[in-house]
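Start at 1 and go down the list; that is how both ligands and their atoms are numbered.
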Amino acid sequence: MKNLVNMFLRKQQKLKTINISLPRKNQRIFIGRNIVDLFINESLAKKYFNFIILVDSNVLCIYRNDIDKIKKVLGNPKIIVIEPNEDSKTLNFLNLIFERCCQNKLSRKSCFVAIGGGIIGDITGFIASIYMRGIDFIFIPTTLMAQADTIIDKVAISHKSLKNIAGSFYSPVLTICDINFLRTLNDKEIAMGFSEIIKHAAIDSEKHFNFIKSTLKNNKKDFQKYPWEEIIYKSLKIKSDLAQKDPFDESNYHKGLSYGHTFANVLEGMSGFKLRHGEAVALGMKFSAIVSRNVGIMSKNIFNEQNDIIKEAGLPTVMPKSLNKKTILELFKKDKISDNGEINLVVLEKFGKFSIKKNIDHKIIKKALELFNTI
Ligand SMILES: NC(=O)c1ccc[n+]([C@@H]2O[C@H](COP(=O)([O-])OP(=O)(O)OC[C@H]3O[C@@H](n4cnc5c(N)ncnc54)[C@H](O)[C@@H]3O)[C@@H](O)[C@H]2O)c1
């Protein structure tokens, strides 16, 4: 009977599902409206010995009643409230969480629950991946960024100016993308999420790129009208297909997801993490497109199309002027995608066709930096 009720509810809520098979863990993602109660229920509570909830401090303020309900269903576990800033994605902060996990007698049969944006997801995922060599975690992403680019087999924290330098290949067992959370995001947070939606579209196909372009152009800031389920589902299909094709990140499919991310990591680190991830990714895609133009593989038309959509989404296309070029080059060499001091970058020929350009001449990087704010 309960199953029938659930089936009925799923139909009503136009639930979309993605099942991901990975070498280390399988992951189920659900996308829909008002769906948290469908999955955070008594049968889930019975599966685990106990839980610990890590929640974003702002989300706790806005959604206190919903979180109280989740707490009650899960047997009133301890809650750790986290400030959503990049300082929380560090080893120092993880020490504090470890202490709390040990105090709360978490065992291999326990489960972490993360409720918040990408920062809360990364911290929880990283700690879940190493606590007792890995225990389950569930993610309830509440930002557009954390839904449309939700964690699939990669979690990381940063060290000094090196963004996401320590991490694991690890996934939540269950991800619940409840569209309902998006209604309390401001325009800036919606724009942040669009950086990854645009990236997924650019590496996927012209058709999907045009769908995102027309959604933005036709609806402007009337976010209620956006077909969120479809946008998030498609973004996550693109991400999960690449992750499954190349689970150990060896054959370059997975690296397509890093389009724009190498320069983004550099910029975030140099800004002392004041620049938001979404802003940095937008600037990173422009940088990769300039390099793609300069090595002769991207047409002016594709470059302009990408620049236009970034602007349309309310994302930046101009970078801070005071950045030191020498430091930029040094940080490029230290990024995960580079080997032996050689600079590597994901480049784009056209929408749906990316590749890894290896050992890029420093002159090309310097030229791209000079040109950046002029085009
Ligand atoms: N591991 C991965 O696959 C992955 C993917 C994408 C991003 N990330 C990481 O995630 C971080 C960026 O994530 P983010 O952009 O979600 O930032 P974030 O976690 O800082 O959240 C952004 C802001 O939105 C607020 N917020 C969250 N949910 C809200 C809601 N429903 N209503 C109103 N306000 C809400 C938060 O309190 C915060 O102020 C970066 O560190 C990035 O590296 C990781």
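- Under 4.0 angstrom from ligand 1, the non-hydrogen atoms of D122 all belong to its side chain.
- Residue contacts with ligand 1: T150 is placed with no nitrogen or oxygen under 3.5 Å of a nitrogen or oxygen of the ligand (distance criterion only).
- The pair E196-K239 does not meet the salt-bridge criterion, since no charged nitrogen lies less than 4.0 angstrom from a carboxylate oxygen.
- For the pair A146 and ligand 1, the shortest N or O to N or O distance does not fall below 3.5 Å.
- Among all protein heavy atoms, the one lying closest to atom 35 (C) of ligand 1 is L185 CD2, 3.6 Å.
- Using a 4.0 Å cut-off between charged side-chain N and carboxylate O, E370 and K367 make no salt bridge.
- Side-chain contact between L242 and I152 is absent, with no heavy-atom pair separated by less than 4.5 Å.
- Note: F351 and F209 meet the aromatic proximity criterion, with ring centroids under 6.0 Å apart.
- Only the side chain of V59 comes within 4.0 Å of ligand 1, judged by heavy-atom distances.
- Looking at I151 next to ligand 1, no N or O pair under 3.5 Å apart turns up.
- Only the side chain of H277 comes within 4.0 Å of ligand 1, counting heavy atoms alone; its backbone N, CA, C and O stay farther away.
- A salt bridge does not link K350 with E206: none of the charged nitrogens is closer than 4.0 Å to a carboxylate oxygen.
- Of all atoms in ligand 1, numbered sequentially from 1 with element shown, those under 4.0 Å from a heavy atom of I62 are 32 (N), 33 (C).
- The number of heavy atoms from other shown groups lying within 6.0 Å of NE2 (H362) is above 12.
- Considering both main-chain and side-chain atoms, F181 comes within under 3.5 Å of ligand 1 through a nitrogen or oxygen pair.
- Contacts of E196 with ligand 1, taken as heavy-atom pairs under 4.0 Å, are absent altogether.
- Ligand 1 has K239 within reach: a non-hydrogen atom of the residue lies less than 4.0 Å from it.
- Residue contacts with ligand 1, taken as heavy atom pairs separated by less than 4.0 Å, involve N164 solely via side-chain atoms from C-beta onward.
- Within the structure, the closest approach of K154 to ligand 1 falls below 4.0 Å when heavy atoms are considered.
- Residue contacts with ligand 1: E268 is excluded, as none of its non-hydrogen atoms falls under 4.0 Å.
- The side-chain heavy atoms of H261 and H277, taken from C-beta on, include a pair separated by under 4.5 Å.
- Comparing heavy-atom distances from atom 14 (P) of ligand 1 across S171, G125, G118 singles out G118 as nearest.
- Residue-ligand proximity, D56 to ligand 1, at heavy-atom distances under 4.0 Å covers atoms 36 (C), 37 (O).
- Ligand 1 lies out of reach of R183, whose nearest heavy atom is not under 4.0 Å from it.
- A salt bridge between D136 and K25 is present, with a side-chain N of the basic residue lying under 4.0 Å from a carboxylate O of the acidic one.
- Atom 33 (C) of ligand 1 has as its closest protein heavy atom T184 O, 3.2 Å.
- Using a 4.5 Å heavy-atom cutoff, the side chains of S161 and L331 are in contact.
- More than 12 heavy atoms of other shown residues, nucleotides or ligands fall within 6.0 angstrom of atom CZ in F98.
- Of the charged side-chain nitrogens involved, at least one lies within less than 4.0 Å of a carboxylate oxygen, so that D241 and K237 count as a salt-bridged pair.
- Close approach of ligand 1 to K163 is summarised as follows: ligand atoms under 4.0 Å from at least one heavy atom of the residue are 40 (C), 41 (O), 42 (C), 43 (O).
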